[in-house]
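This one's a predicted model, so the numbers in the text were calculated from it and none came from an experiment. Letters A, B, ... mirror the listed sequences (proteins, then strands); counts begin at 1.
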Amino acid sequence: MSKIGEVVQRARAAFNLGKTRPLQFRIQQLEALRRMIKEHEKDIAGALTADLHRNEWNAYYEEVVYVLEEIEHVIKKLPEWAADEPVEKTPQTQQDECYIHSEPLGVVLIIGTWNYPFTVTVQPMVGAIAAGNAVVIKPSELSENMANLLATVIPQYLDRDLYPVINGGISETTEVLKERFDHILYTGNTAVGKIIMMAAAKHLTPVTLELGGKNPCYVDKDCDLDVACRRIAWGKFMNSGQTCVAPDYILCDPSIQNQIVEKLKKSLKEFYGEDAKKSRDYGRIINSRHFQRVMGLMEGQKVAYGGTGDAATRYIAPTILTDVDPQSQVMQEEIFGPVMPIVCVRSLEEAIQFINQREKPLALYVFSLNDKVIKKMISETSSGGVTANDVVVHNSVHSLPYGGVGNSGMGSYHGKKSFETFSHRRSCLVRPLLNDESLKARYPPSLAKMTRH
Amino acid sequence: MSGKEGKGAAKDPESEPTLGMDPVADTLRRLREAFSAGRTRPAEFRAAQLRGLGRFLQEHKQLLRDALAQDLHKAAFEADISELIMCQNEVDLALKNLPTWMKEEPVAKNLLTQMGSAFIRKEPFGLALIIGPWNYPVNLTLVPLVGALAAGNCVVLKPSEISKSTEKVLAEVLPQYLDQSCFAVVLGGPRETGRLLEHKFDYIFFTGSPRVGRIVMSAAAKHLTPVTLELGGKNPCYVDDDCDPQTVANRVTWFRYFNTGQTCVAPDYVLCSPDTQERLLPALQSAITRFYGEDPRSSPNLGRIISDKHFQRLRGLLGCGRVAIGGQSDESERYIAPTVLVDVEETEPVMQEEIFGPILPIVNVRSLDEAIDFINRREKPLALYAFSNNKQVVNQILDRTSSGSFGGNEGFIYLTLTSLPLGGVGNSGMGRYHGKFSFDTFSHHRACLLSHPGLEKLNEIRYPPYTNSKEQLVSWALGSQSCTLL
């Protein structure tokens, strides 16, 4: 058996021993995870700096804090979530116990990605552990420093058999996918999402796929452009645009395009100074391949701001493109970089049509002071999630499930939804084994039931 | 991370053959257009569809009973309680609750998002495909349909070609009761179903075997289509020494031989000690005789096997172990007597595949632990049953095993509660439905946050540049109460 096979088998054997069943054990593991994060905050920030030019601030506020909150929330709620849930009974079942019983699925595989390499790998772990599973973690090899850090520290704090970290590239991931799991949560792109689901199908393994898409951002004429542009600039350019829920492109009326450009520029200067390259708060592109890809998207476009890059440092300036042609390359793929195209539309209806002609995105944004506009945009489109009059933030609400639809994914997690995703909720009916008299009516034969065909 | 190519003005990303050459493609295109035009969104439309389905069930009750009798020799009583009434109840429940189910579900907010509103919106996926099986061909095709329609999807129904008479009714009569711009029935065998699955759907609901479940999920993967798979397995039935054998036998017999054993949640085999087996056998015989008479073949309450293929398969299984009760069969009628087998080896075919027939093997175990090990060495079943006077025993089985659903001292009576969803785990499936769970299964749960454009000052804290003073401010804010920056 391959080494990877052995690791997975060990996790399964440890699960089968029943170690993860008591809530106390799960809570202890989560507390250990919390300690790990607090004691290694600097190392986590360091890995993020090395991988993505992030700094201690955004390492904490854009990654670590989410996970810490999730752990707090889950530890507090676990007894409630794990308890049997009684359900409404029928007149015939009044004497019975009818309830839904939550149980772990078994061995869960979490495949992380590189853009928020800490959060997207560790946050799902929290739910999987809470639900009582063994968890195999496969961080992304593209965020190499984080992958190495996780492989080093996780075994120092958590049970080594139950929560192994497997590192490696495509061939290791392929190896891992041959093994049988009881749930796979994958964060990444659509193409690989399909491969994961196909591999899962062989074992009838349910999957949660957190994928991506082009998240539209509609800016209505009736809106506070200063606030809108500041929020959009914040959400778009954080992590140098490498955020799956970042607004990918703007849709607006041509009459406000220039104002939007000016206000975005203003916010960008406030955030990152005249030269973002010098800002400690501005990120870098993960690798050369993506750097080339994103630079390529700017070709032939009208650049209103930015447009430059430095291959040596993988820096791309915050860039705004105007009057973008929907057929051009930048509008054909998820940008995942600090380039904001503006596409002009002449009405809300046209914007809605534009959006609906495309694959369902992970997130959708609409800025307007008019509630009717917001309502119409939401009711006539579909997306994983929506935020109106802001961007990104729907992710941060524990009680809102985080997930995609159509090409942007399936399934969801965060908070209680994580617990549900990683549990089997078993329908139970328990009756006393009493005398059968009252049930005799259901048994054959009876004249009333002896009907002819 | 590259996403899918933009579709531009064209609706369907797949390259379809010339218009008219693939009638399925035309049907799907038509249904998609109706969905895109928003036809299925309004509650009134959905309610009208559900009422149509209700009228179909009412007006063609006898037609459906006749079809079920032809396909499965199903007694009218069984047809009513396990198919027609269940469908009607689901329709009624959906009609009554539709406005509530369609409402946005508000959720708890965190500190900084108190200014807006946060809720989950239930939206239809789009075009849903429902593939039905042959054993409860009305129930297992139409109950999912209720959920899909209530949730506002356009639906393609693919009833089983094996239950031919029912297929005919569903294909020829049902569409007359529904808006055909949003609903279609597609017919065919494995080959046609394979071709159907090459097309893109927005949701696929499949009931059938694990083997075909894998094929369906693989096909769905190509289009990233979410699925619910209601599959099967060998549902163990543990009978403890501490029990009244006749009561147990009555219950096990009823649930085992209902629909001639062709039920995905039927007890598949019994696990008990040799002593209990001795007490159980005469009790089982007594129950069988009471229910089906001295000559079960002439009982109107016993059905027949669906097809020659399955009949041959089951007849083969009669050779396993030793026949303790029954064992008779008649090819001309596809009749198999209610049968109990003993002295069965684990390796024999009857213990290797889901039986799906009126044969009940008894496997001996010497203790509760041995029974639990036996169960856990196998794939997770769709259902699991435990009979004992001792509550602890029932709880132990529940806690130390897994299965889609669980019956303590009862069979699959839990199916009559719409508050207890039906669904598998592991090899027995994924996803669940019935009642509101059907509506939720066929809906995308969209997370929505409506933020306020005002109170921007509070957001200042999240914007770069990140200075020391900001860090201190946020540390203080975070120290007092758990809340994210956002």
Between B:Arg446 and A:Thr381, is any side-chain donor less than 3.5 angstrom from a side-chain acceptor?
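Yes.
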
Verify the distance criterion only: is there a donor paired with an acceptor across the side chains of A:Arg426 and B:Thr401 at less than 3.5 Å?
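There is such a pair (donor and acceptor under 3.5 Å, judged by atom type) between the side chains of A:Arg426 and B:Thr401.
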
Counting heavy-atom pairs closer than 4.5 Å to chain A, which one of [options] comes out on top?
options                                : answer
B:Ile413, B:Val394, B:Leu422           : B:Ile413
B:His445, B:Lys391, B:Glu105           : B:Lys391
B:Thr416, B:Asn427, B:Ile215           : B:Asn427
B:Gly407, B:Gly213, B:Ser299, B:Pro421 : B:Pro421
B:Gly126, B:Pro124, B:Gly408           : B:Gly408
B:Ser403, B:Pro210, B:Ala219           : B:Ser403

Please classify the contact between [X] and chain B as side chain, backbone, both or neither, with a heavy-atom cut-off of under 4.5 Å.
X        : answer
A:Ile378 : both
A:Asp248 : neither
A:Leu364 : side chain
A:Tyr282 : neither
A:Thr93  : side chain
A:Pro401 : both
A:Ser383 : both
A:His101 : side chain
A:Met197 : both

Is there a donor-acceptor pair under 3.5 Å between the side chain of B:Lys380 and the backbone N or O of A:Leu105?
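Confirmed, B:Lys380 side chain pairs with A:Leu105 backbone.
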
Quick check: does any side chain N or O of B:Arg214 sit under 3.5 Å from a backbone N or O of A:Lys202, one acting as donor and the other as acceptor?
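Checked: pair present.
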
Run the side-chain contact (heavy atoms from CB on, under 4.5 Å) test on A:Tyr443 and B:Arg251 for me, step by step, so that the C-alpha distance in whole Å, both residues' side-chain angles and the decisive distance to 0.1 Å come before the verdict.
CA-CA 9 Å; A:Tyr443 299 137; B:Arg251 295 178 188 184; 3.4 Å; yes

Non-hydrogen atoms of chain A under 4.5 Å away: do they reach the side chain of [X], the backbone, both or neither?
X        : answer
B:Met430 : side chain
B:Leu384 : side chain
B:Tyr257 : neither
B:Ala220 : both
B:Thr225 : backbone
B:Phe437 : side chain
B:Leu302 : neither
B:Glu104 : neither
B:Tyr292 : side chain
B:Asp80  : neither
B:Ser428 : neither

In Å and rounded to the nearest 0.5 Å, what is the [atom1] to [atom2] distance from [X] to [Y]?
X        : Y        : atom1 : atom2 : value
A:Leu429 : B:Phe406 : CG    : CZ    : 10.0 Å
A:Ser427 : B:Leu417 : OG    : CG    : 9.0 Å
A:Phe367 : B:Ser451 : CZ    : OG    : 8.5 Å

Any side-chain heavy atom of [X] sitting closer than 4.5 Å to one from [Y]?
X        : Y        : answer
B:Arg462 : A:Arg231 : yes
A:Pro432 : B:Asn409 : no
B:Leu450 : A:Ile374 : yes
B:Leu398 : A:Cys428 : yes
B:Thr247 : A:Leu433 : yes
B:Pro464 : A:Trp234 : yes

If you tally heavy-atom pairs under 4.5 Å against chain B, which of [options] wins?
options                                : result
A:Ala201, A:Gly415, A:Gly106           : A:Ala201
A:Asp182, A:Leu369, A:Leu204, A:Ile195 : A:Leu204
A:Lys89, A:Gln92, A:Glu62, A:Glu97     : A:Glu97
A:His203, A:Arg425, A:Glu85            : A:Arg425
A:Val386, A:Val430, A:Thr90, A:Leu68   : A:Val386

Heavy-atom closest contact ([X] atom, [Y] atom, distance):
X        : Y        : answer
A:Val87  : B:Ser419 : CG2-OG, 3.4 Å
B:His444 : A:Ser382 : CD2-OG, 4.0 Å
B:Ala118 : A:Leu400 : CB-CD1, 4.2 Å
A:Ala200 : B:Met217 : CB-CE, 4.1 Å
B:Ser402 : A:Glu103 : OG-OE2, 2.5 Å

Between B:Tyr463 and A:Arg230, is the side-chain contact (heavy atoms from CB on, under 4.5 Å) condition met? List the steps.
CA-CA 9 Å; B:Tyr463 300 131; A:Arg230 188 176 307 119; 3.3 Å; yes

Please assess B:Leu420 against A:Cys98 for the test side-chain contact (heavy atoms from CB on, under 4.5 Å), listing each intermediate value before the final yes or no.
CA-CA 8 Å; B:Leu420 282 180; A:Cys98 305; 4.3 Å; yes

Could you go through the side-chain contact (heavy atoms from CB on, under 4.5 Å) check for A:Ser379 and B:Arg121 one step at a time?
CA-CA 9 Å; A:Ser379 64; B:Arg121 224 178 101 85; 3.8 Å; yes

Under 6.0 Å from the CZ atom of B:Arg211, do we count more than 12 heavy atoms belonging to anything else shown?
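Not more than 12 within 6.0 Å, no.
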
Taking the basic N atoms (NZ, or NE/NH1/NH2) and the acidic carboxylate oxygens, is any pair closer than 4.0 Å for A:Glu88 and B:Lys436?
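Judged by the 4.0 Å cut-off on N to carboxylate O distance, A:Glu88 and B:Lys436 do not form a salt bridge.
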
